[in-house]
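Here is the structure we will look at.
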Amino acid sequence: MLASLRLDDADAPVLTLPQWRIEELLRARLSALDPRALRTGTAISGLRESDAGIVMRRTSGEETAECAARIVVAADGVRSGIRSALDLGWRQCRGTAHYVMTDAGEVTDLGARAHLFCAASGIVESFPLPDHRRRWVARVGTPDTADPETLAAIIRERTGIALTAAPQDSASAFTARQHRAARFARGRVVLLGDAAHELSPIGGQGMNLGWIGALRLAPEIRRALRDDRADFRRYERRQQRSAGRARRRARFNMAMGRPVRGPVRGLRDLAARVLGTRPLRGIALRAFTMRGL
Ligand SMILES: Cc1cc2nc3c(=O)[nH]c(=O)nc-3n(C[C@H](O)[C@H](O)[C@H](O)COP(=O)(O)OP(=O)(O)OC[C@H]3O[C@@H](n4cnc5c(N)ncnc54)[C@H](O)[C@@H]3O)c2cc1C
């Protein structure tokens, strides 16, 4: 193992929550604000500007209806149809790599630490999850379909740790990519979250950056409604800056984990060890966990 980082630092702990719990909290909060706000099974399939604001075509099963809004926030993900419809651009940025991951029961007591195992054939990252579970992410050469046995073999070969595969454990493969929209808004329609910026999940914190964007956007929307004038340039500037910073950090994290041999490996390992020494540890933790976006 080349490096490990404490995630339970009393001053700045890194909090981990399973996705189902995040969704549960978001649904509860939205329902408390307006019980009728969430409409599942409904897709926006077109939009146009009118005197009433933005008129959207809403499709729900066989039914199609129109609805109007003064401001539209398009948080429709990486493949955002609204971004394409408004021609806001989608530029690929540097930083692409393939990974396989699984969540498994704690095997050895690795504690409340993130561990980085930098093997010649690629990195294995390991993070603690609630309920004595751990996420394992291994860099691989090709975007193969993942199966838990192959991933367990990779982890054993690179770390010496044998995962005990529980029946519910499964593995998934993903390709880390980074993109950004050229513009985040057109008129009264503004992009939020992955629709505006896709970050590599390798320390990428895409969801967290989406939330930072929502916090920044809220006062801008209030202002736009009050003045009846949509201007999202300030939000776009601040969010582009944060996304750029996150992309550079994710790119660095990915470069540190790529397969390397010979002298390059020696240099990479030395850099990781130096970053783990006391004066630099705080900076490394901050960068690795994406603080200060
Ligand atoms: C393997 C992996 C691990 C990750 N781990 C982390 C992590 O630990 N921390 C972190 O911060 N981030 C993480 N991320 C990133 C995070 O998942 C994304 O940044 C986040 O989900 C983006 O949220 P979003 O709401 O912008 O988009 P999405 O989650 O993609 O949601 C978009 C929604 O819009 C809906 N939609 C699309 N089109 C329409 C339409 N026309 N009409 C109506 N609805 C529509 C979709 O159905 C979907 O529900 C990870 C990503 C991956 C791939």
Side-chain angles (χ1 to χ4, degrees), residues 7 14-23 25-27 29-30 37-47 54 56-61 63-67 69 72-86 90 95-103 114 125-130 133-140 143 146 151 170-181 184 189-217 239 242-243 245-247 249-250 253-254 288-291 293:
L7 300 185
V14 174
L15 305 175
T16 53
L17 269 186
Q19 184 165 335
W20 65 264
R21 180 64 184 137
I22 292 173
E23 287 178 13
L25 289 168
L26 289 174
R27 277 171 195 263
R29 175 71 180 142
L30 186 60
L38 182 63
R39 289 174 189 236
T40 54
T42 301
I44 299 300
S45 52
L47 73 183
I54 304 293
M56 289 167 283
R57 196 168 54 245
R58 199 173 62 199
T59 310
S60 185
E63 271 176 43
T64 299
E66 284 198 332
C67 57
V72 171
V73 178
D76 52 345
V78 166
R79 279 180 277 278
S80 169
I82 296 181
R83 184 187 62 227
S84 307
L86 296 182
W90 193 232
T96 301
H98 311 296
Y99 297 86
V100 188
M101 73 173 198
T102 189
D103 293 345
E125 303 185 11
S126 168
F127 305 92
L129 295 174
R133 293 181 69 74
R134 221 162 229 286
R135 172 155 296 178
W136 295 86
V137 184
R139 181 155 174 164
V140 291
L151 178 55
S170 62
S172 54
F174 66 93
T175 298
R177 291 193 182 86
Q178 309 210 96
H179 283 87
R180 72 178 178 93
F184 283 10
V189 186
V190 56
L191 302 180
L192 178 67
D194 277 20
H197 39 64
E198 181 188 18
L199 296 183
S200 158
I202 302 304
Q205 302 287 313
M207 177 190 68
N208 283 283
L209 185 62
W211 287 352
I212 293 172
L215 276 174
R216 288 175 175 161
L217 194 52
Q239 201 62 9
S242 297
R245 202 174 294 140
R247 272 194 306 272
R249 289 183 190 174
N253 290 346
M254 287 200 284
F288 189 73
T289 57
M290 299 271 171
R291 294 250 164 78
L293 290 182

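Order of listing sets the numbers, starting from 1, for every ligand and every atom in it.
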In the structure I gave you, are the side-chain heavy atoms of R247 and R180 within less than 4.5 Å of one another anywhere?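 R247 reaches R180 side chain to side chain.
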With distance as the sole test, does D76 use its side chain to make a donor-acceptor pair with the main-chain N or O of G81 at under 3.5 Å?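 Looks like yes, one N/O pair under 3.5 Å.
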S242 versus R216, side-chain donor and acceptor atoms under 3.5 Å: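 Result is yes, a qualifying pair exists.
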State, without any angle test, whether R58 and T42 hold a side-chain donor-acceptor pair at a distance under 3.5 Å.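 On atom types as modelled, these side chains do not qualify, holding no pair under 3.5 Å.
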Sort out the contact shell of ligand 1: every protein residue with a heavy-atom distance below 4.0 Å, listed by chain and number.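 Residue list for ligand 1: T42, A43, I44, A75, D76, G77, M101, F174, G193, D194, P201, Q205, G206, M207, N208.
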Can you name the nearest heavy-atom pair linking R83 to A195, along with the distance?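 Taking every non-hydrogen atom into account, NH1-O, 2.8 Å.
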Positive for side-chain hydrogen bond (donor to acceptor under 3.5 Å, both in side chains) with H197, one of Q178, Q239, H179: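 Among the candidates, only Q239 passes.
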